[in-house]
Amino acid sequence: MAAEVYYQAIGTLQSHSHLNNFNHHQKHQNNIVRLVARDFISGNGLSRRSNNRSGQRNCTVIRSLASQTSVVDPVLSPSRNNAGDSNKKSNEAALILIRHGESLWNEKNLFTGCVDVPLSKKGIDEAIEAGKRISSIPVDVIFTSALIRAQMTAMLAMTQHRRGKVPIILHNESERAKSWSQFFSEDTKKQSIPVIAAWQLNERMYGELQGLNKQETAERYGKEQVHEWRRSYDIPPPNGESLEMCAQRAVAYFRDQIEPQLLSGKNVMISAHGNSLRSIIMYLDKLTSQEVISLELSTGIPMLYIFKEGRFIRRGSPIGPSEAGVYAYTRRLALYKEKLDDMFQ
Ligand SMILES: O=C(O)[C@@H](CO)OP(=O)(O)O
């Protein structure tokens, strides 16, 4: 269950920190762990790292992409509620992170990395289930990796969204692709959600492990070696990317392309992968390279953050019997759900 996985991740971090609280570095780490746990329970936010604005040019590209298709729901967007002035920038937005549903290679326990494998039957069900869980949370723009399992997950999840907008993949890989995928109705644009696919959000490239069975690899090279390749921060698998290398591209993309969307009040969903999302969560939650080792993400489980006044507040996973609680996290989310309830009762 999603919430359990998240609690487990926090629990693991806490027990890890108790074992090692003897030096200064570890004291700092303990503070972070306590903040993470307190945040999850009481709703206090964590400070966001200072924002590097080095990606000005890229931001411009995204802004022009977004302007092709209206990303703010004129009827329902919480970004507009109570704003008073439609030009006024909102300082609050929802951020949904979702690891793709189970793929056919997850099912066979094979290292996948950047091999472009589709979802399994179970993965399809997980994506639809994830969509139900986020069906009343506003989504103005979607980012996915360039890999089909993340794109399938995003699209299947959006089939469940109560607002009923159509997610549309923006094709900007060439001038022809851009020109041939245009459409010309403002009304239709308003009923669409732009989907931006970026290789930077791809799974970590697993090098010479791609296609190998995980169990057999552990038997051949030893469990510890394989665990190091899979979960350490800075040790790459043979000819592949370490988590650190994956973070360099995924977190840079998040900061340059996704944070500006959140800053302008747009609600964002990111559909990506175990390791690209681990690196983004490491950034959002300020985890250390030790703490991130214990962070595991389940397939097809959405995680919600609220971006507010420059900070990312982790709200866990909108799941199960406590789902209603998610909408109490902010007034804007509650209002959005109320309006959907009114529209579709
Ligand atoms: O094979 C992969 O690409 C990843 C995710 O499935 O595996 P791991 O969990 O070992 O990082």
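Because only heavy atoms are used, hydrogens play no part in the values below, and waters and symmetry mates are left out as well, while side chains stay in. Indexing begins at 1, ligand by ligand and atom by atom, following the structure's order.
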>> If we count only N and O atoms by modelled type, under 3.5 Å, do the side chains of H171 and E173 hold a donor and an acceptor together?
In response: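 Yes, a side-chain donor-acceptor pair sits under 3.5 Å.
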>> Can you tell whether the side chains of E296 and R231 come within less than 4.0 Å, N to carboxylate O?
In response: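 Looking at R231 together with E296, the answer is yes, because their closest N to O distance falls below 4.0 Å.
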>> Determine whether a donor-acceptor pair (N or O, by modelled atom type, separation under 3.5 Å) exists between the side chain of Q160 and the backbone of E129.
In response: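 No, Q160 side chain to E129 backbone: no donor-acceptor pair under 3.5 Å.
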> Within the side chain of H273, is there an N or O that forms a donor-acceptor pair under 3.5 Å with the backbone of N275?
Replying inline: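 Pair absent, no side-chain N/O of H273 close to backbone of N275.
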Can you list the ligand 1 atoms lying under 4.0 Å from a non-hydrogen atom of [X]?
X: T112; value: 1 (O), 2 (C), 3 (O)
X: N106; value: 6 (O)
X: R99; value: 5 (C), 6 (O)
X: N275; value: 11 (O)
X: E203; value: 3 (O), 4 (C), 5 (C)

Distance to 0.1 Å, residue and atom name: give those for the protein heavy atom nearest to [atom].
atom: atom 3 (O) of ligand 1; answer: G113 N, 2.7 Å
atom: atom 9 (O) of ligand 1; answer: R231 NH2, 2.8 Å
atom: atom 8 (P) of ligand 1; answer: Y206 OH, 3.4 Å

>> Given Q210, K214, R230, identify the one with the heavy atom nearest to atom 7 (O) of ligand 1.
In response: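 Residue with the shortest heavy-atom distance to the ligand atom: K214.
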> Roughly how far, to the nearest 0.5 Å, is OH of Y206 from CG of L212?
Replying inline: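 That separation rounds to 11.5 Å.
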> Does the pair E241 and R204 meet the rule for a salt bridge (charged side-chain N to carboxylate O under 4.0 Å, His left out), with working shown?
Replying inline: CA-CA 6 Å; E241 281 183 307; R204 151 247 283 273; over 6 Å; no
> Can the ring centroids of W229 and Y221 be said to lie less than 6.0 angstrom from one another?
Replying inline: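 Ring centroids of W229 and Y221 are less than 6.0 Å from each other.
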> Any N or O of R149 that comes nearer than 3.5 Å to an N or O of ligand 1?
Replying inline: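 No: no nitrogen or oxygen of R149 is under 3.5 Å from one in ligand 1.
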